[in-house]
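Below: one structure, written as structure tokens.
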2 protein chains.
Amino acid sequence: MSDSQGEEVRGLALFATMGDVNFKALMRGTYVQNFPPRIDLIHENEPADFLHVVLSGAVDLFSQWNRRETSMATVRPVSTFILAASISDLPYLMSARTLEKSRIALIPSQDVRRMFAADTAFATAIAAELANSYRTVVKNTKDLKLRTSLERLANYLLRQSRTRGAPDFDLTTEKKRLASFLGMTPENLSRAFRALEPHGVKVEGSHITITDPQGLARYAKPNPLIDDYST
Amino acid sequence: MSDSQGEEVRGLALFATMGDVNFKALMRGTYVQNFPPRIDLIHENEPADFLHVVLSGAVDLFSQWNRRETSMATVRPVSTFILAASISDLPYLMSARTLEKSRIALIPSQDVRRMFAADTAFATAIAAELANSYRTVVKNTKDLKLRTSLERLANYLLRQSRTRGAPDFDLTTEKKRLASFLGMTPENLSRAFRALEPHGVKVEGSHITITDPQGLARYAKPNPLIDDYST
DNA sequence: ATCGATGCTTGATTATTATCAATTTCAGAT
DNA sequence: ATCTGAAATTGATAATAATCAAGCATCGAT
């Protein structure tokens with residue numbers, strides 16, 4: 001891979017602290033590929049041969065069982081996915097497909113494991129990243145088990161508004177996939193948007209305006225131990 | 001703590017590979033406490049001062065939001081809990097209470113973090129443990145999002161039967177808490193047991209007999225990427 | 001500009017799950 | 001052995017969510 005692409009990867013917390021020689025060695029086996037939209041990158045149950053880094057575009061992580069499918073997460077630049085499978089040398093638990101045209105760096109898992117053993121700073125960063133991933137999924141589970149779908153949507157909108165720093169914004173994802181991520185059907189998401197209107201939400205296509213942030217927060221009851229992704 | 005208690009901890013994969021001197025140092029700040037049943041050990045949002053190791057008894061990890069409560073996991077000997085919070089120096093996401101009389105070792109998080117930096121084998125073991133925890137929660141999320149409560153119960157019973165190696169067994173947990181863990185109410189769990197009878201499940205109090213393992217499996221459609229906790 | 005495919009919305013219906021209320025069962029304390 | 005309180009069960013009802021069936025909107029390709 002080129003040096004400029006290497007810089008993008010190097011900027012990630014996961015790779016920022018490791019030794020220069022080690023990073024270069026890791027990049028030697030790495031290659032970058034361009035993918036069109038809606039391309040399957042990996043399929044659950046396959047061996048985790050590569051750690052993936054999304055450099056541009058967006059990737060959906062999803063799972064299937066018994067002809068049902070659910071969206072687990074969306075990965076946006078610049079971040080990695082399936083580190084846990086990669087480091088444990090175990091099969092992927094989730095599938096991944098591009099949502100848009102995307103540039104992905106593929107780092108051989110073997111190299112990641114070798115470097116983990118060789119570079120203490122890298123090992124520390126990996127543990128931090130794994131701990132963070134773990135906590136994110138735990139928060140997600142709490143969201144699913146403790147809230148109704150309407151409450152999940154309300155809190156999702158508050159989170160979006162907060163991370164964008166504005167009371168109005170465009171949804172970054174199709175409503176269909178948002179529904180799946182929130183654990184509901186597209187039909188119910190549509191009705192849920194309607195049901196949030198009296199709580200201060202206006203929907204015009206994919207543009208959302210939170211007309212009454214306090215009112216919405218009163219209904220949603222956001223909680224840092226579920227909704228704060230930074231801790 | 002005493003040497004015999006130290007041995008129990010040392011037997012855990014997390015502590016098995018680290019250097020002897022380092023392990024002894026880690027145990028120096030560790031103390032063991034006995035707790036009666038139904039005692040709150042930690043509360044979510046508190047600082048994670050200690051890594052906990054369940055030596056005997058059983059501990060329930062649970063969470064609350066808006067007057068609702070859900071059981072997230074049961075920790076049985078010998079294993080640790082809340083490693084992620086401990087290593088990241090972040091507040092607990094879950095509360096913990098003893099289910100029975102329990103013996104718990106408390107290892108200061110500071111010492112864990114210091115040893116993580118000092119002992120490569122320990123760092124590796126921590127990363128492996130975190131990766132494993134992450135994958136367990138992901139499987140749990142897939143269970144919740146892709147299956148109905150009846151299907152979750154059916155698969156739970158198959159997992160229990162498999163880990164015990166017998167078609168009949170006693171439930172290790174109160175039905176009330178099992179219901180909460182599976183994301184349903186006690187009333188519905190009761191009805192779900194009844195509904196599984198035609199699929200080959202017999203319930204006598206807390207004793208379960210799977211009278212038709214193939215039939216139950218046909219209904220439950222177990223999948224290693226959800227139900228196999230060993231990978 | 002038109003077509004076709006897909007996503008989105010709406011209404012009607014069904015399925016699933018929770019809540020409320022009333023017993024019954026069970027285990028621990030006296 | 002009896003009492004007591006919590007857990008478990010059962011039935012009735014309500015809330016929540018999924019499914020089925022149209023119809024409308026949007027967008028890219030021709």
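What you see is a predicted model, and the numbers here were worked out from it, not measured in a lab. Proteins come first, then strands; the chains are lettered A, B, ... in the order of their sequence lines, and each starts at number 1.
- Counting to the nearest Å, the P atom of dT16(D) and the CZ atom of Arg152(A) are 12 Å from each other.
- Between the side chains of Thr70(B) and Lys145(A), at least one donor N or O lies within less than 3.5 Å of an accepting N or O.
- Among the atoms of the strands shown, only primed sugar atoms or phosphate atoms (P, OP1, OP2) are found under 4.0 Å from some heavy atom of Arg194(B).
- At least one side-chain heavy atom of Leu157(A) sits less than 4.5 Å from a side-chain heavy atom of Phe169(A).
- Atom pair Asn188(B):CG and dA14(D):P shows a separation of 17 Å (rounding to whole Å applied).
- Residue Thr185(B) is classed as a base contact, given a heavy-atom separation below 4.0 Å to a base.
- The interatomic distance linking Leu150(B) (CG) with dA18(D) (C1') rounds to 16 Å, in whole Å.
- Here the P atom of nucleotide dT9(D) and the CG atom of Leu189(B) are 7 Å apart, to the nearest Å.
- For CZ of Arg38(A), the number of neighbouring non-hydrogen atoms (other residues, nucleotides, ligands) closer than 6.0 Å is 12 at most.
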As a quick check of understanding, evaluate side-chain contact (heavy atoms from CB on, under 4.5 Å) for Glu204(B) and Lys202(B), giving each step before the final call.
CA-CA 7 Å; Glu204(B) 292 151 311; Lys202(B) 202 166 85 187; 3.8 Å; yes
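- The shortest heavy-atom contact between Asp212(B) and Gly215(B) is OD1-N, 2.9 Å.
- Contact check, Lys176(B) against dA7(D): a side-chain N or O comes under 4.0 Å of OP1 or OP2.
- Toward the 5′ end of DNA chain D lies the nearest nucleotide of Arg38(B), the other residue of the pair Arg38(B) and Met184(A) mapping further downstream.
- Separating the CG atom of Leu153(A) from the P atom of dA17(D) is a distance of 11 Å, rounded to the nearest angstrom.
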His52(B) vs Thr80(B), test: side-chain contact (heavy atoms from CB on, under 4.5 Å). Steps then yes/no.
CA-CA 5 Å; His52(B) 294 238; Thr80(B) 64; over 6 Å; no
Could you walk me through whether Ile226(A) and Trp65(B) pass side-chain contact (heavy atoms from CB on, under 4.5 Å), step by step?
CA-CA 9 Å; Ile226(A) 302 179; Trp65(B) 178 81; 3.8 Å; yes
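- Side-chain contact check for Asp49(B) and Ser109(B): no donor-acceptor pair (N or O, by modelled atom type) lies under 3.5 Å.
- For the pair Leu171(A) CG and dT26(D) P, the interatomic distance rounds to 15 Å; values are reported in whole Å.
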Kindly indicate, with the supporting measurements, whether the criterion side-chain contact (heavy atoms from CB on, under 4.5 Å) is fulfilled by Leu189(B) and Leu178(B).
CA-CA 8 Å; Leu189(B) 177 62; Leu178(B) 175 58; 4.1 Å; yes
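- A 4.0 Å heavy-atom criterion places the boundary nucleotides of DNA chain C facing chain B at dT17(C) to dC20(C), written 5' to 3'.
- Rounded to whole Å, the distance from CG on Leu182(A) to P on dA18(D) is 11 Å.
- Here the C1' atom of nucleotide dA8(D) and the CZ atom of Arg191(B) are 12 Å apart, to the nearest Å.
- OP1 or OP2 of dA17(D) lies within a sub-4.0 Å distance of a side-chain N or O belonging to Ser149(A).
- Here Glu187(A) lies in heavy-atom contact (under 4.0 Å) with a base.
- Of the inter-residue distances, the one linking Arg152(A) atom CZ with Asp227(A) atom CG reads 12.0 Å to the nearest 0.5 angstrom.
- The cationic group of Lys176(B) does not satisfy the cation-pi geometry with Phe181(B), failing either the under 6.0 Å distance to the six-membered ring centre or the 45° limit from the ring axis.
- Of the residues in residues 197-207 of chain B, none lies under 4.0 Å from DNA chain D by heavy-atom distance.
- Non-hydrogen atoms lying under 4.0 Å from DNA chain C are contributed by nothing in residues 62-69 of chain B.
- Judged by the 6.0 Å distance and 45° axis criteria, Arg97(A) is positioned over the aromatic ring of Phe62(A).
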